[in-house]
Number of protein chains: 2
Amino acid sequence: MVGEKWALLAIREVFLGNRRFDEMVRRTGAPRDTLAARLRTLVERGILDRRQYSEHPTRYEYRLTDAGVDLYPVVISLLRWGDEHLAGADGPPLLLQHHDDHRLVPHLTCEACGEAVDPRHVRPVRRP
Amino acid sequence: MVGEKWALLAIREVFLGNRRFDEMVRRTGAPRDTLAARLRTLVERGILDRRQYSEHPTRYEYRLTDAGVDLYPVVISLLRWGDEHLAGADGPPLLLQHHDDHRLVPHLTCEACGEAVDPRHVRPVRRP
DNA sequence: CAGGTGGGTCCGAAAATTGGACTTTGTCGG
DNA sequence: CCGACAAAGTCCAATTTTCGGACCCACCTG
């Protein structure tokens, strides 16, 4: 559903507030052609919504649907991975302010027990 | 780094304990050719490690490096998204047991303040 | 009326993926 | 010793996707 090239990057841009086609092209560097196709499939799949934000001139923007918003943990986890493993000497290109008073430190926990999720404590079981 | 087709699926299989080439082909349905290429790039990028687990016959398996293990939140978040938005009537194909006594309910929090992460409370800031 | 912006489309070239056949090395049962 | 089987790939021609750049149209703005 979100595995094609540019799909998650486009979704990230929408999360960052860059909802317009040209803005996404500029920020991601995707070919306009490919991005247009990708946005179409994401809309078809119910992850993005294309809405007009101005008539005269007719202009569109992309918003996340509820299902799209649910991808936030995926995007943020990838962002954190990049910050940790790929960032250069001067740190990550983007900081995330949480509640306007501290840096967001994303971290996966189990809602049931409250603990941090460690792969060693998780056992996959095929559908019973 | 992990955006090409089959990359995250291969990584997922390794997390699930399916570390052998043929096993991954069977489970993911990827073309052998493509999977072989993908595994090669993932090894080059330091996400997987290819190690011999038997001489005579010579056999290899793929293990996650530390950087690879750090992708766990990404894989788990995607898995949860799929469970929520794509699972059919009989539920998700895979259950995750946490500490052998309850179902894992993955959930992104901020380590700094302990709260659940809500996109509305996060403000991206370009590098200062 | 010239220039700019937003949101695309069109196209030929280049790159990646596909599925199936084939290979190599070694094990196992009879 | 023979035939069957497994693991881990490789090879190849036929699709599919992506790429990058040019182009288009409607609408402002000075």
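Please read all numbers here as calculations on a predicted model, not as lab measurements. Below, chain A is the first sequence line, B the second, and so on; all start at residue 1. Reckoned from all heavy atoms, side chains included, excluding hydrogens, waters and symmetry mates.
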S.K.: Rounded to whole Å, please give me the gap between CD in Glu61(B) and C1' in dA8(D).
M.R.: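 Atom CD in Glu61(B) sits about 13 Å away from atom C1' in dA8(D).
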S.K.: Between dT9(C) and Arg40(A), is there an OP1 or OP2 to side-chain N/O distance shorter than 4.0 Å?
M.R.: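 Yes, Arg40(A) has a side-chain N/O under 4.0 Å of OP1/OP2 on dT9(C).
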S.K.: Counting just side-chain N and O atoms, does Tyr60(B) come under 4.0 Å of either OP1 or OP2 of dA6(D)?
M.R.: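 No, no such contact exists.
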S.K.: Examine Phe15(B) together with Tyr72(B) and report whether their ring centres are nearer than 6.0 Å.
M.R.: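 They qualify: ring centres under 6.0 Å apart.
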S.K.: Base contacts versus sugar-phosphate-only contacts with protein, heavy atoms under 4.0 Å: please encode nucleotides 16-30 of chain D as B, S and - from 5' to 3'.
M.R.: --SBB-B----SS--
S.K.: Give, for atom CZ of Arg40(A) and atom CG of Leu42(A), the distance between the pair rounded to the nearest 0.5 Å.
M.R.: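 CG of Leu42(A) is found 11.0 Å from CZ of Arg40(A).
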S.K.: Roughly how many Å is it from CG in Leu35(B) to C1' in dT10(D), rounded to a whole number?
M.R.: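 My rounded result for the distance is 13 Å.
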S.K.: Would you say the side chains of His98(A) and Glu115(B) form a donor-acceptor pair under 3.5 Å?
M.R.: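 No donor-acceptor contact under 3.5 Å links the two side chains.
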S.K.: Between Asn18(A) (CG) and dG6(C) (P), how many Å, whole number?
M.R.: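 It is 12 Å, rounded to the nearest whole Å.
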S.K.: Should Arg50(A) be listed as having a side-chain N or O under 4.0 Å from OP1 or OP2 of dG8(C)?
M.R.: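 Checking dG8(C) against Arg50(A), a side-chain N or O does come within under 4.0 Å of OP1 or OP2.
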S.K.: Rounded to the Å, how far apart are Arg27(A) CZ and dG7(C) P?
M.R.: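 For the pair Arg27(A) CZ and dG7(C) P, the rounded distance is 14 Å.
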S.K.: Taking the minimum atom-to-atom distance to the side chain of Tyr53(B), which one of dA8(D), dG6(C), dT10(D) wins?
M.R.: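 My answer, after comparing the listed nucleotides, is dA8(D).
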S.K.: Tell me what Phe21(B) touches on the nucleic acid: a base, only sugar-phosphate, or nothing, going by heavy atoms under 4.0 Å.
M.R.: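 Base contact.
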S.K.: Do Trp6(A) side-chain atoms and Leu39(A) backbone N/O form a donor-acceptor pair below 3.5 Å?
M.R.: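 Pair absent, no side-chain N/O of Trp6(A) close to backbone of Leu39(A).
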S.K.: Tell me: CD of Gln52(B) to P of dG9(D), nearest whole Å?
M.R.: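 Gln52(B) atom CD is separated from dG9(D) atom P by 11 Å.
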S.K.: Apply side-chain contact (heavy atoms from CB on, under 4.5 Å) to residues Arg126(A) and Leu94(B) and explain how you reach the verdict.
M.R.: CA-CA 5 Å; Arg126(A) 267 186 260 293; Leu94(B) 200 71; 4.2 Å; yes
S.K.: Which nucleotide, dG8(C), dA8(D), dG7(C), lies nearest any side-chain atom of Asp22(A)?
M.R.: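 The answer is dG7(C).
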S.K.: Would you say Ile47(B) ends up clustered with Val69(B) if hydrophobic residues are merged whenever their side chains have heavy atoms under 4.5 Å apart, either directly or through other cluster members?
M.R.: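 Result: yes, single cluster for both.
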S.K.: Can you spot which of Arg26(B), Glu61(B), Glu13(B) makes a side chain to side chain donor-acceptor pair (under 3.5 Å) with Asn18(B)?
M.R.: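 Option passing the side chain to side chain donor-acceptor pair (under 3.5 Å) with Asn18(B): Glu13(B).
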S.K.: How close or far is atom C1' of dT9(C) from atom CG of Leu39(A), stated in whole angstroms?
M.R.: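 So the two atoms are 14 Å apart, to the nearest Å.
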S.K.: Just how far, in rounded Å, is P of dG8(C) from CZ of Arg26(A)?
M.R.: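 So the CZ-P distance, Arg26(A) to dG8(C), works out to 14 Å.
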S.K.: Expressed as a whole number of angstroms, how long is the span from Arg51(A):CZ to dG7(C):C1'?
M.R.: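 Between C1' of dG7(C) and CZ of Arg51(A): 17 Å.
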